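Notes follow once the structure below has been shown.
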2 protein chains.
Amino acid sequence: MTVPTGVSPDRPATIHDVAALCGVAASTVSRALSMPERVNFRTRARIEAAAAQLNYVPNAQAKALSSGRTKAVAVLVADITNPFFFDIIRGTQLQLKAAGYTQLLVDTEESDEVEAITLEQLRQTADGVILTAPRLGDEALARAADKLPLVTINRDIPGIPSVVLDTPTATNQALDHLLSLGHERIAFIAGPDGSSSSQRRWAALSAAAQDRGADVTRLGPFAPRTYSGAAAADAAVHSGATACIVFNDLIAIGMLQRLRERGVRVPTDMSIVGCDDIFGADFCSPPLTTVTAPVEQAGRVAVTMLLGKINPGYGVSPRRHSVVPTHLTIRASTGPVPADRP
Amino acid sequence: MTVPTGVSPDRPATIHDVAALCGVAASTVSRALSMPERVNFRTRARIEAAAAQLNYVPNAQAKALSSGRTKAVAVLVADITNPFFFDIIRGTQLQLKAAGYTQLLVDTEESDEVEAITLEQLRQTADGVILTAPRLGDEALARAADKLPLVTINRDIPGIPSVVLDTPTATNQALDHLLSLGHERIAFIAGPDGSSSSQRRWAALSAAAQDRGADVTRLGPFAPRTYSGAAAADAAVHSGATACIVFNDLIAIGMLQRLRERGVRVPTDMSIVGCDDIFGADFCSPPLTTVTAPVEQAGRVAVTMLLGKINPGYGVSPRRHSVVPTHLTIRASTGPVPADRP
DNA sequence: CGAGTTTTGACAACCGATTGCCAAAATGTG
DNA sequence: CACATTTTGGCAATCGGTTGTCAAAACTCG
């Protein structure tokens, strides 16, 4: 039952083994496998048979070395702890695998240092990089981008293709939602100072507030973690706000927990709106009103754009910037303004 | 301000560029960088300076080709959708990066086919593989394992190093917990038939039940997804059980939702015990009593074992099998048996 | 059936590193 | 100062593929 390989029993078969087995040159095997039309179909059939028999798998390193492409794409996320990034990872994984690419996953731990070093290392290891919520400065990113195909997610830099989740629009919907419920003192619980998403949302929100004559205070910054929710909740209560629009669901869920501890009822005493609609937002207590972002889709789109850049003429993807729409999902964490607080 | 490289401005510097810049042979550069003691310290200093100046980064592919090691480890997970695997990924990522390894992430989509093919492909691309909850048969895995360093998580196969989360022990604790609360009709909500975790837990549980003269019924199999919880909940209700020990938190959370829809109160009418203590288990409603498994730690241990196998003498890691203890975390989804149901 | 055209496949250089081998240089010894 | 010993560093082969070049073979057609 053993396969008569004729080579060392254990070592993976090389192109030379295949060539030897059917009595042709190695280059012919290479051609038969990569440019089928350049080789006689009888020869090709023999080669294919031999390859199958020897269980031949091309060596990715060797291929990369001579062709200059690794067929690998790195996905850099700021924090694997955050469920938000899970959805990105899932989306990119799916799409990359479909295209025959390998996914390198790197956690940059919210550090621009790590980000920079990683990009430098990756230059020869990956054919391209997807950068999610990068912390690096515009200039550094632009420099990286012309050494290596790059697509950013949730960060828009001139000249660099990007996928942006249009959360500001939905955040403004959230504002209207809260205003319609009678809230007049609203707090925006900001994310990290370095986060461009947070900045964009605040910009949109404060503009909209002014436009509508509403009072929206900015609190923060807060780290995008559940445990930050406690401090955020306390700050919100102290500010006298009756409703909060929160940077992300992680913080929002932490706030929910803290508010319960403090005996502040949601939404009776305080309304909370999250952002992202991560895993858990629908089954926390109360289920969270939040901005639903098709994060996984953003990951897929980013991959498509990146592959389009890596292989020009691969598909028609002239778009360099993609804005993914989001919407407000109203659940149970928002309600009418408390009666005693007009 | 531009660096006087002397080479083509854009292409990454190679070892030859460095050699040329300081007038030595490429091999000397290689030695200076990898076996510092073999090269005169003056020469070495010059080489290091030149490398820094040229921003030299060794080409990983070339290195892999000649050395035979890629400095990459693949992590195969059955389903990236599942938060359980996030913790694994986080643990492995952390530990791999610390050791200077790259992480290749592959979602096998719960398919033994994909698993098998991936393992075959990876043979030359990764120095080793961590397989989480593999679906492949023992024999196929054993065959893969002697072509490529392999560590499994939650699957114990003779001859293959493994990290196993000791959930059965804690599941039995859960049984005692429920018995002490007066429950007499208990259901085990089983995971997929192919899951060895599910099998081990059921084996331990049914043995313990017999031992204690308790009545535990097995229901299922159910897919490990939130949406399976609906069917599981209905099956549990129909079975007349007053308490359920559930394969994992995903299903348990789904059950919580479905039970609420049906007007079955948890824990008043029905107690639920989950497993894994995933993100969300503490803030769902009611917070889930569950078996807490240090999943991230399991990932780290797996990496340590794997690296020990890849680099013999790397550290002292003679252990081929690691059992990670777990414990029952009692929250609010379990309570006394309903009064009307003795 | 031979000249002209196309197809086919072998050879060899190359990608960027590693490493065994050996000669040149530096050092030590008598 | 000559000789033995140790360092140091260069040459060249190698890893497993890709690809440009070109001769031989197969084909077309008059």
Side-chain angles (χ1 to χ4, degrees), chain A residues 7-8 10-48 50-51 54-72 121-127, chain B residues 7-8 10-48 50-51 54-72 100 102 121-127:
Chain A
V7 294
S8 155
D10 213 26
R11 194 174 42 79
T14 74
I15 206 169
H16 296 99
D17 300 326
V18 177
L21 184 60
C22 35
V24 299
S27 55
T28 305
V29 176
S30 174
R31 288 212 176 78
L33 265 31
S34 54
M35 1 167 52
E37 301 316 315
R38 287 271 293 127
V39 167
N40 182 302
F41 77 100
R42 303 185 63 84
T43 313
R44 194 193 330 149
R46 266 168 52 221
I47 290 175
E48 278 162 359
L54 294 178
N55 220 298
Y56 168 70
V57 176
N59 181 308
Q61 271 65 41
K63 222 164 172 159
L65 189 55
S66 55
S67 69
R69 8 204 59 195
T70 58
K71 278 278 196 178
Q121 307 279 32
L122 248 35
R123 185 167 170 200
Q124 301 179 73
T125 301
D127 290 345
Chain B
V7 296
S8 155
D10 212 26
R11 194 176 40 82
T14 75
I15 205 169
H16 295 100
D17 300 327
V18 177
L21 184 58
C22 35
V24 299
S27 54
T28 304
V29 176
S30 173
R31 287 209 180 81
L33 265 32
S34 53
M35 359 166 56
E37 301 316 314
R38 287 269 292 126
V39 167
N40 183 301
F41 80 99
R42 302 185 64 83
T43 314
R44 196 195 324 150
R46 267 168 49 222
I47 289 174
E48 279 163 359
L54 293 178
N55 221 297
Y56 168 70
V57 176
N59 180 308
Q61 272 65 45
K63 222 163 174 164
L65 188 55
S66 54
S67 70
R69 9 204 58 194
T70 57
K71 278 281 198 171
T102 301
Q121 308 279 31
L122 249 33
R123 187 168 168 196
Q124 301 180 72
T125 301
D127 289 344

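Computed from a predicted structure; not experimentally measured. Throughout, protein chains are lettered first and strands after them, A, B, ... in sequence-line order, and every chain is numbered starting at 1.
Nearest nucleotide to the side chain of B/P58, out of D/dT8, D/dG17, C/dA17: C/dA17. In this structure, the nucleotide among D/dG17, C/dA17, D/dG9 sitting nearest to the side chain of A/I15 is D/dG17. Nearest nucleotide to the side chain of B/T14, out of C/dG16, C/dG9, D/dG16: C/dG16. Set against D/dT18, D/dT8, D/dC15, the side chain of B/L65 has D/dC15 as its closest nucleotide. The side chain of B/A25 lies closest to D/dG10 when the candidates are C/dA10, D/dG16, D/dG10. Here the nucleotide nearest the side chain of A/N59, chosen from D/dG16, D/dT8, D/dG10, is D/dG16. Candidate nucleotides D/dG10, D/dG17, D/dT18 were compared by shortest atom distance to the side chain of A/S30, and D/dT18 ranks first.
Between the base of D/dG20 and the side chain of A/R31 there is a donor-acceptor pair shorter than 3.5 Å. Judged by atom type and distance alone, B/S27 reaches the base of D/dC11 through a side-chain donor-acceptor pair under 3.5 Å.
Rounded to the nearest 0.5 Å, atoms CG (B/L54) and SG (B/C22) are 8.5 Å apart. Summarising the geometry, atom CD1 belonging to A/I15 is positioned 9.5 Å from atom OG1 belonging to A/T28; distances are rounded to the nearest 0.5 Å.
Taking atom CZ of B/F41 as the reference point, atom C1' of D/dT7 lies 14 Å away to the nearest angstrom. The distance from atom CG of A/D17 to atom C1' of D/dG17 is 13 Å, rounded to the nearest whole Å. Between B/M35 atom CE and C/dA17 atom P there is a gap of 17 Å when expressed in whole angstrom units. Rounded to whole Å, the distance from CD on A/Q124 to P on C/dG16 is 8 Å. One atom, NZ of A/K63, and another, C1' of C/dG16, lie 19 Å apart when rounded to the nearest Å. What separates CZ of A/R44 from P of C/dT8 is a distance of 9 Å, to the nearest Å. Going from atom CD1 of A/I47 over to atom P of D/dT18 covers 12 Å, rounded to whole Å. Here the C1' atom of nucleotide D/dG16 and the CG atom of A/L54 are 15 Å apart, to the nearest Å.
Heavy atoms of B/T43 sit under 4.0 angstrom from primed sugar atoms or phosphate atoms, though from no base atom. Backbone-only contact: A/Y56 has heavy atoms under 4.0 Å from sugar-phosphate atoms and none from a base.
Nearer the 5' end of DNA chain D, as judged by each residue's closest nucleotide, is the contact made by A/Q61, out of A/R38 and A/Q61. Summary of the strand contacts: A/N40 and B/H16 both lie near DNA chain C, and taking for each the nucleotide with the nearest heavy atom, the more 5' one is attributed to A/N40.
For the pair A/T70 (side chain) and A/T125 (backbone), a donor-acceptor distance under 3.5 Å is present. Proximity of a side-chain donor or acceptor of A/Q124 to a complementary backbone N or O of B/V57 within less than 3.5 Å is detected. Not one N or O on the side chain of B/R31 forms a donor-acceptor pair closer than 3.5 Å with the backbone of B/V39. Although no hydrogens or angles enter the test, the distance criterion places a donor-acceptor pair under 3.5 Å between the side chain of B/S66 and the main chain of B/A62.
For A/S66 and C/dC14, the shortest distance from a side-chain N or O to OP1 or OP2 is not below 4.0 Å. Distances shown here put every side-chain N or O of B/S67 at or beyond 4.0 Å from the OP1 or OP2 atom of C/dT18.
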